[in-house]
Structure formats: C-alpha cells, structure tokens
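Structure, as structure tokens:
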Amino acid sequence: MAGGGFSRLPGGSVVVALDLQNPCPDGAARVRVVVHAANRARALTRLRNLGLRAVYLRGNAAPPTPDEITAVLHHPDGLIWRGERECAGTAEELWHPIRALLRTMTPQTSPYVV
C-alpha cells in the first residue's frame with residue numbers, strides 16, 4: 001500500500017503525493033511521486049494511465065510539503081518524482097519528470113502493473 005496524502009489549493013485543484021516502491025531495480029528503494037490535478041481521482045487516474053495500475057491513496061498521512069507543491073506547480077507536466085534515500089546524511093536528489101522513471105520500467109519489473 002502506498003503512503004501519501006494531498007493538499008487542496010486555493011484555486012480548487014489538488015496536489016497528491018505518494019510514496020511508492022521504486023519500480024526500477026536500480027536506484028533508491030522508494031520514490032516520492034507528486035501529481036497536480038483537478039481532484040484526487042484525476043491525479044490517481046493520471047498515474048494509472050501511465051502504467052502504475054495498483055496505486056491507491058488511503059488517508060492523508062503524508063501530505064505534500066510546500067516545497068513539493070511549488071516544484072510540481074512549476075513543472076510543465078505537473079507530474080514529478082524523486083528517489084528517497086535511506087541515509088539521512090546524503091544530499092537530496094533533484095526532481096525528475098515522470099518520463100525518466102517510466103523509461104526504465106518494464107512490465108516484468110514493475111510491481112504496479114497488474
């Protein structure tokens with residue numbers, strides 16, 4: 001199950017952030033995906049249409065931070081990700097467009113393709 005949450009913006013749209021297992025065999029163990037959409041259902045639909053089929057949002061335990069909201073609002077696609085490192089001493093990774101994650105993902109290696 002994915003952890004995450006959402007924040008409603010003053011204009012009525014939402015930003016949804018999800019913590020997922022990395023669908024790629026190399027890199028970080030988990031990734032944080034942030035999506036901007038008109039509502040929560042459309043945000044999850046955007047991820048499902050990209051091939052992440054088993055993605056659900058249950059509750060609001062880890063809503064997006066103000067930095068994540070700013071990053072996704074300034075990205076032209078409105079859909080970004082960043083790897084989460086286990087070590088607290090490592091520098092934070094930059095945000096990437098979702099195409100960079102999906103380019104290396106195959107149906108055989110992805111835990112989200114049903």
Side-chain angles (χ1 to χ4, degrees):
M1 180 188 324
F6 68 94
S7 289
R8 187 165 303 281
L9 301 177
S13 61
V14 297
V15 174
V16 174
L18 295 168
D19 297 321
L20 306 171
Q21 288 185 2
N22 192 348
C24 303
D26 57 344
R30 298 186 66 77
V31 294
R32 178 96 164 158
V33 178
V34 184
V35 184
H36 178 240
N39 56 41
R40 285 181 288 171
R42 286 191 183 188
L44 296 176
T45 300
R46 286 187 71 187
L47 290 173
R48 290 181 186 130
N49 288 342
L50 292 171
L52 302 173
R53 301 271 186 236
V55 175
Y56 297 97
L57 179 63
R58 308 223 190 265
N60 199 15
T65 64
D67 291 336
E68 292 173 338
I69 294 171
T70 302
V72 76
L73 290 178
H74 284 90
H75 195 273
D77 293 338
L79 185 57
I80 55 176
W81 71 277
R82 174 169 62 186
E84 294 181 354
R85 304 287 178 199
E86 285 82 21
C87 278
T90 61
E92 290 218 5
E93 189 176 343
L94 297 176
W95 290 103
H96 305 284
I98 197 69
R99 291 179 302 248
L101 180 67
L102 299 176
R103 187 177 313 133
T104 58
M105 187 176 76
T106 62
Q108 293 81 20
T109 61
S110 173
Y112 303 107
V113 177
V114 179

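The chain is numbered in sequence order, starting from 1. Heavy-atom basis, side chains included; hydrogens, waters and symmetry copies ignored. Since this is a predicted model, take the numbers as computed values, not measurements.
- Side-chain contact between Y56 and L44 is absent, with no heavy-atom pair separated by less than 4.5 Å.
- Partner of V33 under the side chain to side chain contact (heavy atoms under 4.5 Å, CB included) criterion, chosen from L50, V55, L79: L79.
- Atom CZ in R42 sits 12.0 Å away from atom NE2 in H36 (nearest 0.5 Å).
- At least one donor-acceptor pair under 3.5 Å links the side chain of H74 to the backbone N or O of T70.
- For D77, the salt bridge (charged side-chain N to carboxylate O under 4.0 Å, His left out) partners are R99, not counting sequence neighbours.
- Of all heavy-atom pairs spanning A37 and S13, the tightest one is O-CB, 3.3 Å.
- Other members of the cluster containing L9 are V15, V34, I69, V72, L73, I80, W95, with ILVMFWY side chains joined at under 4.5 Å, either directly or via other members.
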* To do: Start with the C-alpha distance between L20 and R30, add both sets of side-chain angles, then the distance that settles side chain to side chain contact (heavy atoms under 4.5 Å, CB included), and finish with yes or no.
  => CA-CA 6 Å; L20 306 171; R30 298 186 66 77; 5.6 Å; no
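- At least one side-chain heavy atom of E68 sits less than 4.5 Å from a side-chain heavy atom of R32.
- Remark: the backbone N or O of G12 is paired with a side-chain donor or acceptor of R8 at under 3.5 angstrom.
- Here the closest non-hydrogen pair linking F6 and N60 is N-OD1, 2.8 Å.
- Within 6.0 Å of atom CZ in R82, more than 12 heavy atoms from other residues, nucleotides or ligands are found, so the atom counts as buried in its surroundings.
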